[in-house]
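Computed from heavy atoms alone, side chains included, the values below leave out hydrogens, waters and symmetry copies. Only a predicted model underlies this, so the values are computations on that prediction, with no experimental measurement involved. Residues: numbered from 1 along the sequence shown.
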Amino acid sequence: MASGSDSRPRHEQVAADLRSRIMSGELPPGSQLPSIPTLVQQYSAATATVQRALGALKAEGSVYSEVGKGVYVRPRRPLVVEASAYLAPTSDRYAYRLRSVAEVAPPAEVARELGIGAGERAVLRHRLLMCGAEPVELSWSYYPAAIASGTELAVRRKIPGGAPRVLADLGYPQRQTRDRVSARMPTTEEVEALDLPPYVPVLRQLRVIRSVDARPVEVSILVKGSHRHELHYDQRG
């Protein structure tokens with residue numbers, strides 16, 4: 001299952017292999033996992049190691065147990081995110097919770113993408129996306145203060161029609177979106193806000209939105225748990 005160069009604790013290795021088998025469909029939704037004695041034999045691992053691995057999978061929602069019966073793969077589809085578009089909230093499934101709105105000195109990466117100089121400010125809208133009662137994505141959206149100050153973007157309340165509508169009303173309709181996607185381990189804020197289980201990386205999208213004349217009008221950082229999401233790319237032509 002793992003080479004000698006894999007320095008992770010043994011229970012993490014076992015959990016990772018079972019997770020891979022679940023994601024590939026080898027262990028389909030609703031199916032029962034092999035018994036603990038069978039897993040002990042399959043992975044040449046101690047009983048306590050297998051139990052810890054199963055505990056990790058239960059914590060992240062990949063499997064569940066039924067007393068006296070066994071452990072089963074949870075019938076749960078991943079949240080598929082179109083890499084070229086927002087995961088649009090809907091009234092019956094997704095909803096944003098606004099965490100803060102402030103005028104700030106943006107991080108260097110954001111300032112560079114917005115094309116603003118030292119000392120210039122940006123309006124930040126920090127939000128948490130919910131799917132029902134479950135948190136699924138943290139976002140930090142930055143807008144040049146020269147555009148956003150004094151507008152609905154700078155007010156701490158939900159915006160009818162969202163930021164695209166406000167930008168269009170201001171004369172900056174969205175014309176181009178570019179995403180960079182990477183993976184890393186989460187910060188403490190991300191673990192707590194997204195209710196992440198231990199050792200689960202996050203997917204990080206850096207999204208740059210440009211208007212007419214390729215002017216950058218929004219830079220967003222979107223963070224989501226990798227155990228619940230997959231990115232979908234569809235290229236035609």
Side-chain angles (χ1 to χ4, degrees), residues 79-89 94 96-129 135-191 193-194 196 201-226 228-235:
L79 298 172
V80 177
V81 181
E82 295 291 342
S84 60
Y86 283 107
L87 182 58
Y94 296 105
Y96 280 114
R97 291 183 182 174
L98 192 58
R99 292 168 66 89
S100 65
V101 176
E103 191 167 303
V104 300
E109 176 186 44
V110 173
R112 182 173 63 252
E113 294 291 352
L114 285 176
I116 63 178
E120 293 188 68
R121 311 278 283 179
V123 170
L124 166 63
R125 296 181 68 84
H126 181 28
R127 301 178 298 175
L128 176 65
L129 180 64
V136 294
E137 180 184 84
L138 276 171
S139 64
W140 294 260
S141 295
Y142 297 85
Y143 309 88
I147 293 175
S149 289
T151 73
E152 291 173 86
L153 292 170
V155 179
R156 185 168 180 168
R157 64 168 178 260
K158 292 185 178 181
I159 301 174
R165 193 269 301 165
V166 177
L167 290 169
D169 289 349
L170 293 170
Y172 302 101
Q174 297 183 8
R175 291 287 187 257
Q176 178 189 7
T177 301
R178 187 189 75 231
D179 285 88
R180 285 208 321 261
V181 182
S182 56
R184 60 165 170 74
M185 296 307 292
T187 66
T188 298
E189 177 189 3
E190 292 158 0
V191 168
L194 296 173
L196 297 175
V202 291
L203 296 175
R204 179 186 188 269
Q205 285 175 264
L206 178 70
R207 169 166 292 150
V208 180
I209 295 177
R210 297 179 182 274
S211 185
V212 292
D213 299 325
R215 178 172 181 171
V217 293
E218 177 183 331
V219 173
S220 290
I221 297 170
L222 314 171
V223 174
K224 18 185 172 281
S226 61
R228 298 201 58 216
H229 290 83
E230 62 182 42
L231 295 177
H232 183 201
Y233 293 83
D234 187 1
Q235 183 173 344

Would you confirm whether Lys158, through its side chain, and Tyr96, through its main-chain N or O, come within 3.5 Å as a donor-acceptor pair?
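Present.
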Inter-residue atom distance Arg127.CZ - Ser139.OG, 0.5 Å rounding
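Answer for the CZ-OG pair, Arg127 versus Ser139, is 4.5 Å.
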Tell me which donor-acceptor pairs under 3.5 Å the side chains of residues 160-169 have, and how far apart each pair is, sequence neighbours excluded?
| residue | atom | partner | partner atom | Å |
| --- | --- | --- | --- | --- |
| Arg165 | NE | Pro160 | O | 3.1 |
| Arg165 | NH1 | Glu152 | OE2 | 2.9 |
| Arg165 | NH1 | Asp169 | OD2 | 3.0 |
| Arg165 | NH2 | Glu152 | OE1 | 3.0 |
| Arg165 | NH2 | Glu152 | OE2 | 3.2 |
| Arg165 | NH2 | Pro160 | O | 2.8 |

For Arg178, what residues pass the salt bridge (Lys or Arg N to Asp or Glu O under 4.0 Å) criterion, not counting sequence neighbours?
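By the salt bridge (Lys or Arg N to Asp or Glu O under 4.0 Å) rule, Arg178 matches Glu113.
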Under the rule for side chain to side chain donor-acceptor pair (under 3.5 Å), what residues qualify as partners of Ser149, not counting sequence neighbours?
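Testing Ser149 for side chain to side chain donor-acceptor pair (under 3.5 Å), a comparison that skips the adjacent residues, returns Glu103.
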Under the salt bridge (Lys or Arg N to Asp or Glu O under 4.0 Å) test, residues paired with Glu189 that sit two or more places apart
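For Glu189 the salt bridge (Lys or Arg N to Asp or Glu O under 4.0 Å) partners, ignoring immediate neighbours, are Arg99.
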Results of side chain to side chain contact (heavy atoms under 4.5 Å, CB included) for Gln176 - residues two or more places apart only
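With sequence neighbours excluded, Gln176 shows a side chain to side chain contact (heavy atoms under 4.5 Å, CB included) to Arg210, given in chain and number order.
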Partners of Ala111 by side chain to side chain contact (heavy atoms under 4.5 Å, CB included), sequence neighbours excluded?
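Ala111: side chain to side chain contact (heavy atoms under 4.5 Å, CB included) contacts with Pro106, Ile116.
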Can you pull the ring-ring contact (aromatic ring centres under 6.0 Å, His included) pairs that have at least one residue in residues 151-187, sequence neighbours excluded?
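Matches after skipping sequence neighbours: none remain.
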Would you check if Leu114 and Glu120 make a side-chain contact, meaning some heavy-atom pair closer than 4.5 Å?
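They are not in side-chain contact.
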Residues which pass side chain to side chain contact (heavy atoms under 4.5 Å, CB included) with Val104, listed by chain and number, not counting sequence neighbours
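Partners of Val104 under the side chain to side chain contact (heavy atoms under 4.5 Å, CB included) test: Ala102, Leu124, Tyr142.
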Side chain to side chain contact (heavy atoms under 4.5 Å, CB included) partners for Arg204, two or more places apart
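With neighbours one apart ignored, the set is Glu109, Ser182, Arg184, Leu206, Ile221, Val223.
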If you measure from CD on Gln174 to OG on Ser211, what distance do you get to the nearest 0.5 Å?
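Reported to 0.5 Å precision, the distance equals 8.0 Å.
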Measuring from Arg97:CZ to Leu129:CG, what's the distance to the nearest 0.5 Å?
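So the gap between those two atoms works out to 10.5 Å.
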